[in-house]
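From a predicted model like this one, the values you see are computed outputs, not experimental measurements. Numbered from 1 within each chain, the chains take letters A, B, ... in sequence-line order.
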Amino acid sequence: MNNKELANLIFPDITKTIEDYEKIYPARNLNEGAVVSRFAPSPTGFVHMGSLLSALIASKVPKETNGIFYLRIEDTDGKRSVENGIQGIIDDLKNFEINIDEGVVSETKQIGNYGPYIQSERKEIYQTFVKYLIANDLAYPCFCTEEETNEIRTIQEAAKERIGYYGHWAKCRNLSNEERSNRIKNGDKYIIRLKSPGNFNNKVVIEDLVRGRIEFPENDLDIVLIKSDGLPLYHLAHLVDDHLMRTTHILRGEEWVSSLPVHLQLFKIFNFKTPKYAHLGVIMKIDDDQTRRKLSKRKDPEAAVSYYHEKGIPVEAVKIYLMTIANSNFEAWYNANPNKTIDDFTFSFKKMSESGSLFDVDKLMNISKNYISKLKAIEVYERTIKWAKFYDQQLEQLLIKYQDYSIKIFNIEREQKKPRKDFGAFCEIKSGIWYMYDELFINVDYQFQTISDINEINKINQLYLSKYYNELDDKETWFSKMRLVAFELGYAKEMSDYKENPDKYKGHIGDVSMVIRVSLTSLSATPDLYEIMKLLGKERINQRLNIIKVK
RNA sequence: GGCCAGUUGGUGAAGUGGCUUAACACACUGCCCUUUCACGGCAGCAUUCAUGGGUCCGAAUCCCAUACUGGUCACCA
């Protein structure tokens, strides 16, 4: 029996050839230098921060070069797939405004001419390639059970030999085709392995876009191509899909670096042009015991991109943060060009860090604070509502009920050169403005400071209310009256006066205005008091200053 | 254990043989400004680039060794 007959025995239903697929998926008609890249996750749950980073870059580079960015689903391992996994990925990408040109757009819909873009739907294509390999003595069926391969491994470990299915360890490699066909006809279970033409003593060199030149021994492992369920393993799927989908750039995590010799070998065997590779450092997390590890889906909530949606951290802020990790020159560029967006920035693989960086929540929050501080009040209002719709219905209703009032609240100390930076996330907004709403200003806990005697507090409040408060006052008048209250009750009306003669006064203007502030808001730290009082209005001010009296 | 890579302050990093007594940003500390907070301003925060050796007039930058960290060695991706 020759190899071709063996191939037909194993894949009797495969009638197309590789050439057929080359015609079905012709070279893309793109400009020179156009990058075709992809995001190719497994539907294992949610999108990870590290995946988002690579998706962001993989989508950005085609955008810069008039190329194509597509989404492919790698679901060849049924055990890992999760219900609604595909939809989760699509939603996460949508949330982060990462748009695809081709690929899977919903559980049931795919767009583009190079599909299907879900690997489990491409079984025949993979098998066509493997059939070719078998027919050309470059692959063979392997009947070893998992127990047997484990056993080989144990022996190799004990003997301190290189681990893997290669050389004389590859028991099924040199079986005769007759024996192979007999065992297949006999119903023995098998997988398909590559008959690796490599030699471990030879070297292969690859130019990685971020890591530069890397040298490896050639692959001589007879890696598994097709599993017993007929579906391919990653290595084969990578070759077939990225060739047929005409991918020019492979962006993936650094955990793939060591598979490079396999992938290079596969491309060489088929005489396909190898794509360019960029292996990205993984995002790390430091534990309390100072050990570094990969940011983990299970242990770290911030690893899931849905976390940012929940917290209400603007997607732009997350993307800006990821770009500062991705390209070290981005941050300086962004600070120098505050009105530009990520789209205006030219990404460079060379500027990528090779080692994984630690995930820095402080930095992210700083970026987010700055970002939100630059938004217009109406934008803050709308985006807070959008967030609250999912996560805080009470806040949502208040914002809708008091629309103009709320927008004015968001505008306090905003329209100025250096706006306030109170909010790092939309989930923090309620805790910053709640006291402006009567519905929330109940059973409050007053944080009085230096003046905490209730009689003195009332004296200040009542004097202010009865003699000085006028809602029409401008800020200057308002504050000069505040000084008069202080003076009349024996407090220094200027801070400097108090500092010169502290014994002459009961306290200073700051102590007095603090009483008003706390009486009105219950808090000792608020934005500008004058602005707050303007919005609170006469009625509410009267009411709130008088509640204290009752207490 | 084999193979591959990485190692510059608390963090992200700039730096590719002299311009570096190591930029910038975050965090932190102190002071100032100030009716609180925030903003802002000023100052501090690596005499040293994992360690040891070498090349050189000169090294964070080049070479070697060691250490440590990470990745990988599945019918997972």
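Less than 4.0 Å separates RNA chain B from at least one heavy atom of each of the following residues of residues 72-86 of chain A: A:Glu74, A:Thr76, A:Asp77, A:Lys79, A:Arg80.
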Do any N or O atoms of the protein come closer than 3.5 Å to N or O atoms of nucleotides 23-33 of chain B, and which pairs are they?
residue, atom, partner, partner atom, Å
B:A25, O2', A:Glu331, OE2, 2.6
B:A25, O2', A:Lys363, NZ, 2.4
B:C26, O4', A:Lys363, NZ, 3.4
B:C26, O3', A:Asn366, ND2, 3.3

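Closest approach to the A:Arg193 side chain among B:G70, B:G71, B:C75 is made by B:C75 (side chain taken as heavy atoms from C-beta onward). Closest to the A:Ser357 side chain, of the nucleotides B:G12, B:U36, B:C39, is B:G12.
A cation-pi contact, defined as under 6.0 Å to the ring centre and within 45° of the axis, links A:Arg193 to A:Tyr165.
Side-chain N/O atoms of A:Arg517 and base N/O atoms of B:C37 include no donor-acceptor pair closer than 3.5 Å. The base of B:C75 sits with one of its N or O atoms less than 3.5 Å from a complementary donor or acceptor on the side chain of A:Ser228.
Residue A:Trp478 is in base contact, counting any heavy-atom pair closer than 4.0 Å across all strands shown. Within 4.0 Å of A:Ile191, counting heavy atoms only, lies at least one base atom of the nucleic acid.
B:U11 and B:U51 have their P atoms separated by 15 Å, given to the nearest Å. A distance of about 25 Å separates the C1' atoms of B:U7 and B:U21, rounded to the whole Å. Atom name P, nucleotides B:U20 and B:U16: the rounded distance is 11 Å, in whole Å.
RNA chain B contains the following stems of three or more consecutive Watson-Crick or G-U pairs, with both distances under 3.5 Å: B:1-7 with B:67-73, B:10-12 with B:24-26, B:28-32 with B:40-44, B:50-54 with B:62-66.
Residue A:Glu215 is the one, among A:Glu215 and A:Lys227, whose nearest nucleotide of RNA chain B lies closer to the 5' end (criterion: closest heavy atom). Between A:Lys351 and A:Met495, the residue whose closest nucleotide on RNA chain B is further toward the 5' end is A:Lys351.
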